[in-house]
Amino acid sequence: MFGAMNVMPVLDLRSAREEIANRTDRAVARLLELTDQPRIERWVQFPKALLVFLVVAGDPESGAVYVYDRRAKVWYWIDFDDTKFGGYSIVDFDHLVRECHFLDIVEHLTLLVEKDSWIVEDGARPRSAS
């Protein structure tokens, strides 16, 4: 589980009205609309970013990781080159955060959106793929 990390922009709010792009709750509401209203299972805030873990109701293995860059006003979907094609569970997310030190990258958004890929592995800090 986990491995090479893929970061894909999914929602750009730069052209949205200011009250949407600058308010976290409104930015989350727009993401929930885009993703067919899943449940928010985890919400982690940083000065420059917001990390949410969304799960489709009734499917505990459908979770997806999203990061909002508060300055750029862009939502990113985070996925990994692994065997979890249907999504992640809340246990997987907690493992990602605790055992794989995923928050190291989220806290420093420039690392998240760099062109170089990141490798996220169990028991180690994320490392550059190059």
Side-chain angles (χ1 to χ4, degrees):
M1 188 169 49
F2 307 122
M5 185 174 76
N6 302 302
V7 179
M8 290 143 285
V10 294
L11 182 60
D12 187 334
L13 297 176
R14 286 179 288 196
S15 63
R17 294 189 320 263
E18 189 171 326
E19 69 267 13
I20 292 173
N22 291 332
R23 288 197 40 198
T24 303
D25 60 332
R26 300 280 173 93
V28 170
R30 291 292 298 273
L31 177 66
L32 293 176
E33 289 171 14
L34 177 76
T35 55
D36 295 327
Q37 302 296 330
R39 284 190 332 257
I40 301 169
E41 290 293 330
R42 294 288 189 266
W43 176 300
V44 183
Q45 292 194 84
F46 298 94
K48 297 177 185 174
L50 171 64
L51 168 66
V52 294
F53 182 67
L54 305 180
V55 177
V56 174
D59 187 357
E61 295 285 327
S62 66
V65 178
Y66 295 90
V67 174
Y68 185 59
D69 182 332
R70 295 174 190 256
R71 292 201 173 137
K73 298 174 178 46
V74 175
W75 276 107
Y76 295 95
W77 172 46
I78 311 299
D79 195 28
F80 300 92
D81 291 337
D82 61 14
T83 59
K84 298 287 282 189
F85 302 114
Y88 300 94
S89 69
I90 195 72
V91 172
D92 296 335
F93 177 81
D94 289 343
H95 187 86
L96 176 68
V97 169
R98 291 188 184 120
E99 303 300 322
C100 301
H101 308 279
F102 182 66
L103 298 182
D104 289 359
I105 294 175
V106 178
E107 284 183 290
H108 301 91
L109 281 174
T110 55
L111 299 177
L112 183 73
V113 296
E114 282 183 346
K115 297 213 185 297
D116 293 337
S117 182
W118 288 90
I119 306 294
V120 178
E121 295 176 314
D122 193 28
R125 298 222 176 266
R127 61 183 169 81
S128 176
S130 52

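Index from 1, following the sequence.
Rounding to the nearest 0.5 Å gives a distance of 8.0 Å between CG of Asp12 and OH of Tyr76. Summarising the geometry, atom CG belonging to Leu13 is positioned 9.0 Å from atom CG belonging to Leu31; distances are rounded to the nearest 0.5 Å. To the nearest 0.5 angstrom, Tyr68 atom OH is 8.0 Å from Leu11 atom CG. Here Asp69 contributes atom CG and Leu109 contributes atom CG; the two are 4.5 Å apart, rounded to the nearest 0.5 Å. Note that CZ of Arg42 is 3.5 Å distant from CD1 of Ile90, once rounded to the nearest 0.5 Å. Residue Ile40 holds its CD1 atom at 6.0 Å from CG of Leu54, rounded to the nearest 0.5 Å.
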Apply the test side chain to side chain contact (heavy atoms under 4.5 Å, CB included) to residues Phe80 and Asp92: give CA-CA distance (whole Å), side-chain angles for both, the deciding distance (0.1 Å), then the verdict.
-> CA-CA 12 Å; Phe80 300 92; Asp92 296 335; over 6 Å; no
Are Tyr66 and Thr35 close enough, and set up right, to give a side chain to side chain contact (heavy atoms under 4.5 Å, CB included), and what steps lead you there?
-> CA-CA 11 Å; Tyr66 295 90; Thr35 55; 3.5 Å; yes
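By the side chain to side chain donor-acceptor pair (under 3.5 Å) test, Arg71 is found to be paired with no residue, residues two or more places apart in sequence or in another chain being considered. Every residue meeting the side chain to side chain contact (heavy atoms under 4.5 Å, CB included) condition with Val97, not counting sequence neighbours, appears here in chain and number order: Phe93, Leu103. Residues forming a side chain to side chain contact (heavy atoms under 4.5 Å, CB included) with Arg39 (at least two apart in sequence, or on another chain): Glu41, Val55, Ala57. Among residues two or more places apart in sequence or in another chain, the side chain to side chain contact (heavy atoms under 4.5 Å, CB included) test is passed with Glu99 by His95, Asp122. In terms of the side chain to side chain donor-acceptor pair (under 3.5 Å) criterion, residue partners of Ser128 (sequence neighbours excluded) are, by chain and number, Ser130.
Here the side chains of Trp75 and Leu34 are not in contact, with every heavy-atom distance at 4.5 Å or above.
Smallest separation of non-hydrogen atoms from Pro38 and Leu32: O-CD2, 3.6 Å. Nearest heavy-atom pair across Glu61 and Ser89 is OE2-CB, 3.5 Å. The shortest non-hydrogen separation linking Cys100 to Pro126 is O-CD, 3.5 Å. The two residues Asp104 and Leu111 have their closest heavy-atom pair at O-CD1, 4.3 Å.
Within a 6.0 Å sphere centred on CG of Asp25, other residues, nucleotides and ligands contribute more than 12 heavy atoms.
Between Phe2 and Tyr88, the two ring planes are parallel [angle under 30°; tilted spans 30° to 60°].
For residues 47-56, there are no side chain to side chain donor-acceptor pair (under 3.5 Å) pairs, not counting sequence neighbours.
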